[in-house]
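Shown next, in C-alpha cells, is the structure this report addresses.
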Amino acid sequence: MWMGTLFALIAGMMWGLVFVGPLLLPEYPAALQSVGRYLAFGLIALPLAWLDRARLRQLSRSDWLEALKLSAVGNLLYYLCLASAIQRAGGPLPTMIIGTLPVVIAIAANLRNVERDGRLPWARMLPSLGLIGAGIACVNQAELQALSAAGNTDWGRYASGALLAVIAVACWTWYPLRNADWLRDHPGRSPRTWATAQGLVTLPMALLGYALLWAGMAASGSDFAMPLGPRPEQFIALMLVIALLASWVGTLCWNEASQRLPTSLAGQLIVFETLAALAYAFILRGQWPAPLTLAGIALLIVGVLWAVRVRPQRA
C-alpha cells in the first residue's frame, strides 16, 4: 500500500510538469506542444525499447492495439486539451478542474471494479472525498478572486478554457481505469515495458500529427516559424524534459502504483499531480499562495492521508 502510494506521489510530481510547458511557451500553439512532446517521448522510447526488446516481443497484437488506444486518448488528446485550456484560461483554473480527477476517478472506479478490487465502503470514502473536494473548492475560489481583482478578464476565453479542461478530465478518467485494467489482467508483465510500449505507439501518431499541423499552418498562411517556432532551443529542451520525466518516468511510476493499489484508491492519489502543478505555478509566479489556497492544499493532503487508510471490502 505505501509503496504504491510512493510511486503515485512520484508520478504526480512528474505529471505536474506538463502544466509548465504552456506557461513557458505561450506563443506556441497547443497542438504543436502536444505533438512535440509526444514526438520526443516516442524518440526517447526507441533506445529503451531496444534494451527491453525481449519483453516487448511478448506483447500480442491486442496488447499493442490497447497501447495505441491508451496513447491516443491519455496522451495526445489529453495534453492537447490541457495545453489549450492553460493557454486560454491561464494555469490555475485548468489545474483546479483537473484537480477534480481524484473524486471523479474514485467514484467511477468504485462503481465498475467491484468484482476485482472489492468496493471501498462509501461511508469510509466520503470523508476523504469530501476533504479533497473542499480543498479543490478553496483553491479554486482563491484563484477566481485573484482573477476578478486583476480586471480586464476575457470570461469567454476563460469559459472555453474551462470546457477544454473538462474534456481533459474525461480523457484522464478513462485512461487510468483502462490502463489499470490491463495491468491487473497481466500481473506478470513489467510496468516499465508497458510504459515503453505506449511511447512506441505514440511516435507514429505524433509524426503524423506534426506533418498535418505543419501542412495546415502552411495552407492557412500562418506566419508561425515551423517546424520549431521562434525559440527552437527552448522548445526542444522543454519537450525532451517533459517527455522523459512526465511521459516515461511518470507513466512508469503510475503503472507501478496501479499494480499495487485498488483502482478507486489510486484514482484519489492523482491529487498529487494537482499539488505539484500548483507548486510549480506559484514558483513561476514568484508568489506565496494566499491563505485560502494554503487551507485548500492542507485539506487535499489530509484527504489523501485519510484515503490510503481505507481498505476495500470483497463483494
Side-chain angles (χ1 to χ4, degrees), residues 14-41 75-99 139-140 142-169 171-172 206 209-210 212-214 216-218 220-247 250 273-274 276-289 293:
M14 297 299 102
W15 283 339
L17 295 172
V18 306
F19 292 80
V20 173
L23 297 175
L24 293 179
L25 299 173
E27 72 274 28
Y28 278 71
L32 179 58
Q33 294 195 41
S34 181
V35 295
R37 169 190 170 182
Y38 288 106
L39 178 60
F41 179 30
N75 289 344
L76 285 167
L77 181 58
Y78 166 74
Y79 194 61
L80 173 61
C81 293
L82 176 62
S84 299
I86 291 173
Q87 288 188 334
R88 289 175 175 272
L93 179 62
T95 299
M96 299 322 303
I97 293 175
I98 297 298
V139 178
N140 191 42
E143 293 302 327
L144 290 176
Q145 288 175 358
L147 290 173
S148 297
N152 299 322
T153 301
D154 185 346
W155 293 108
R157 185 174 176 84
Y158 271 75
S160 64
L163 177 60
L164 286 165
V166 170
I167 298 174
V169 168
C171 292
W172 243 90
Y210 215 113
L212 291 174
L213 179 62
W214 195 346
M217 295 180 79
S220 66
S222 172
D223 58 357
F224 188 83
M226 289 293 285
L228 299 176
R231 293 189 284 158
E233 295 84 2
Q234 292 92 328
F235 175 68
I236 292 173
L238 189 60
M239 293 302 101
L240 287 172
V241 168
I242 293 177
L244 176 61
L245 297 181
S247 296
E273 177 186 17
T274 303
L278 282 171
Y280 302 152
F282 282 111
I283 290 172
L284 285 176
R285 285 182 181 181
Q287 295 178 352
W288 187 254
T293 301

Taking distance alone, no hydrogens or angles, what donor-acceptor pairs closer than 3.5 Å link side-chain atoms of residues 16-23 to residues at least two apart or in another chain?
none

Quick note, side-chain hydrogen bond (donor to acceptor under 3.5 Å, both in side chains) partners involving residues 224-247, not counting sequence neighbours, are Glu27-Arg231, Arg37-Ser247
Those residues at least two apart in sequence (or on a different chain) that pass ring-ring contact (aromatic ring centres under 6.0 Å, His included) with Phe224 are Tyr28
Taken in chain and number order and not counting sequence neighbours, the residues that satisfy side chain to side chain contact (heavy atoms under 4.5 Å, CB included) with Ser34 are Tyr38, Leu76, Tyr79, Leu80
Ala30 and Ser84 have their tightest heavy-atom pair at CB-OG, 3.1 Å
Residues Leu25 and Gln33: closest non-hydrogen pair is O-NE2, 3.0 Å
Residues at least two apart in sequence or cross-chain that pass side chain to side chain contact (heavy atoms under 4.5 Å, CB included) with Leu77, listed by chain then number, are Cys81, Cys171
The side chain to side chain contact (heavy atoms under 4.5 Å, CB included) partners of Ile236 (sequence neighbours excluded) come to Leu228, Leu240
Ala243 meets the side chain to side chain contact (heavy atoms under 4.5 Å, CB included) criterion, sequence neighbours left out, with Ala40, Phe41, Ile44
Nearest heavy-atom contact between Gly250 and Met14 is CA-CB, 4.0 Å
Output for pair (Asp223 CG, Met217 CE), nearest 0.5 Å, gives 8.0 Å
Distance col, row Leu82:CG vs Gln87:CD, nearest 0.5 angstrom, shows 10.0 Å
inquiry  = I want to check something: taking the side chain as every heavy atom from C-beta on, are Ile98 and Tyr78 in contact at a cut-off of under 4.5 Å?
reply    = yes
Sorted by chain and residue number, the salt bridge (Lys or Arg N to Asp or Glu O under 4.0 Å) partners of Arg157 (sequence neighbours excluded) come out as none
Quick note, salt bridge (Lys or Arg N to Asp or Glu O under 4.0 Å) partners involving residues 76-92, not counting sequence neighbours, are none
In this structure, CE of Met226 is separated from CG of Leu32 (nearest 0.5 Å) by 5.0 Å
